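Only heavy atoms go into these numbers, but all of them, side chains included; no hydrogens, no water, no symmetry mates. The structure displayed is predicted, hence computed values, not measured ones.
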Amino acid sequence: MSRFKSHMDAAMDEARAAAARGEVPVGAVLVSPSGEIIAAAGNRTRELNDPTAHAEVLVIREGCAQAGSERLPDHDLYVTLEPCPMCATAISAARIRRVYYGAADPKSGGVAHGPRIFTHPQCHHVPEVYDGIGADEAERILKDFFAARR
């Protein structure tokens, strides 16, 4: 029987790296069925001039490229902030098995807040969702980032 191992620390490292680049500090890692991190990214919307370059989308793209498939069943996603509606839709389309996220996002979230993408009948796949993993640290990274810009 395998034991649960959280990969949220690696996602936090990606969030801190994003902040250092001047990006909104959100980090994500994609974990293979064997438990290995196969993709890691932080937001790169400004760097790439791409509004879809959220951390979650970047790791899903990398994971799909490695798998040679548009679907990633049995893969888990760790992300420091509640996924937005766009990312939640991508997570569903990729058939991600589980989503672990840190801080809630009442303003722009799409899982527990806002449109709650996974509750819609049009949603083809609903992952298991675990929230609040490392929430305090994730919130601190975000608050420090925005405080420094005000």
Q: Using every non-hydrogen atom in the two residues, find where Y78 and A11 come nearest and quote the distance to one decimal.
A: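 Minimum heavy-atom separation between Y78 and A11: O-CB, 3.9 Å.
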Q: Give a yes or no on this: more than 12 heavy atoms of other residues, nucleotides or ligands lie within 6.0 Å of atom CZ of R21.
A: yes
Q: How would you list all residue pairs meeting salt bridge (charged side-chain N to carboxylate O under 4.0 Å, His left out) that involve residues 26-40, not counting sequence neighbours?
A: none
Q: Does some side-chain heavy atom of T80 sit less than 4.5 Å from a side-chain heavy atom of I141?
A: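 Sidechains of T80 and I141: no contact.
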Q: Could you state whether V31 and I96 fall into the same hydrophobic cluster, counting links through intermediate Ile, Leu, Val, Met, Phe, Trp or Tyr residues with side-chain heavy atoms under 4.5 angstrom apart?
A: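 No: no chain of side-chain contacts under 4.5 Å links V31 to I96.
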Q: Within the structure provided, determine whether V57 and C87 are in side-chain contact (heavy-atom separation under 4.5 Å).
A: yes
Q: If every non-hydrogen atom of A135 is compared with every non-hydrogen atom of G102, which pair is closest and at what distance?
A: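 Looking at all heavy atoms of both residues, the closest pair is CB-O, 3.5 Å.
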Q: Could you tell me if the side chain of K107 sits less than 4.5 Å from the side chain of H113, heavy atoms only?
A: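 Side-chain contact under 4.5 Å: no.
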Q: Compare all side-chain heavy atoms of I91 with those of I60 and state whether any distance is below 4.5 angstrom.
A: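 A side-chain contact under 4.5 Å exists here.
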Q: Please report the shortest heavy-atom distance between C123 and I117, naming the atom on each side.
A: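 Distance-wise, the nearest heavy atoms are CB-O, 3.6 Å.
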Q: So does T45 get a backbone contact from the side chain of E23, meaning a donor-acceptor N/O pair under 3.5 Å?
A: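 Yes, the answer is positive, given that a donor and an acceptor are paired below the 3.5 Å cut-off.
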Q: Locate the shortest heavy-atom distance separating S69 from C64; write the atom from each residue and the value.
A: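 Here S69 and C64 meet closest at O-CB, 3.0 Å.
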Q: Taking all heavy atoms of R71 and all of A93, pick out the closest pair and write down the distance.
A: CG-O, 4.1 Å
Q: If Ile, Leu, Val, Met, Phe, Trp and Tyr residues are connected whenever their side-chain heavy atoms lie under 4.5 Å apart, and connections chain through other members, are L58 and V24 in the same group?
A: no
Q: Between atom CG of D9 and atom CD1 of I133, what is the distance when rounded to the nearest 0.5 Å?
A: 11.5 Å
Q: Can T52 and R61 be counted as having a side-chain donor-acceptor contact under 3.5 angstrom?
A: yes
Q: V99 versus V111: any side-chain heavy-atom pair under 4.5 Å?
A: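 V99 does not reach V111 side chain to side chain.
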Q: If you measure from CG on L72 to CD1 on I38, what distance do you get to the nearest 0.5 Å?
A: 6.5 Å
Q: Using side-chain heavy atoms (C-beta onward) and a distance below 4.5 Å, is H7 in contact with D76?
A: no
Q: Side chains of L30 and Q66, heavy atoms from C-beta outward: is any pair under 4.5 Å?
A: no
Q: Heavy atoms only: give me the nearest A10-I37 pair and the separation to one decimal.
A: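 Shortest heavy-atom separation between A10 and I37 comes out as CB-CD1, 3.6 Å.
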Q: By the salt bridge (charged side-chain N to carboxylate O under 4.0 Å, His left out) test, which pairs, at least two apart or in different chains, include something from residues 137-150?
A: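 As it turns out, the salt bridge (charged side-chain N to carboxylate O under 4.0 Å, His left out) pairs with a partner in residues 137-150, which skip direct neighbours, are R16-E137.
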Q: From R98 CZ over to L77 CG, what is the distance, rounded to the nearest 0.5 angstrom?
A: 12.5 Å
Q: Do V126 and T119 pass the side chain to side chain contact (heavy atoms under 4.5 Å, CB included) test, and can you show the C-alpha distance, the side-chain angles, and the key distance before you say yes or no?
A: CA-CA 8 Å; V126 178; T119 67; over 6 Å; no
Q: Can you check whether R44's main-chain N or O pairs, donor with acceptor, with R46's side chain at less than 3.5 Å?
A: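 Pair absent, no side-chain N/O of R46 close to backbone of R44.
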Q: Check whether any side-chain heavy atom of V26 lies under 4.5 Å from a side-chain heavy atom of H54, and answer yes or no.
A: no
Q: Find the distance between NE2 (H75) and CZ (R95) and round it off to the nearest 0.5 Å.
A: 14.5 Å
Q: Just jot down the ring pair (Phe, Tyr, Trp, His ring centres under 6.0 Å) partners of Y130, sequence neighbours excluded, or say none.
A: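 If we apply the ring pair (Phe, Tyr, Trp, His ring centres under 6.0 Å) test to Y130, skipping adjacent residues, the hits are Y100.
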Q: Look up atom CD in Q122 and atom NE2 in H124, then write down how far apart they are to the nearest 0.5 Å.
A: 8.5 Å
Q: First locate atom CD of E14, then atom CE of M8, and finally report the distance between them rounded to the nearest 0.5 Å.
A: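 Here the interatomic distance stands at 13.0 Å.
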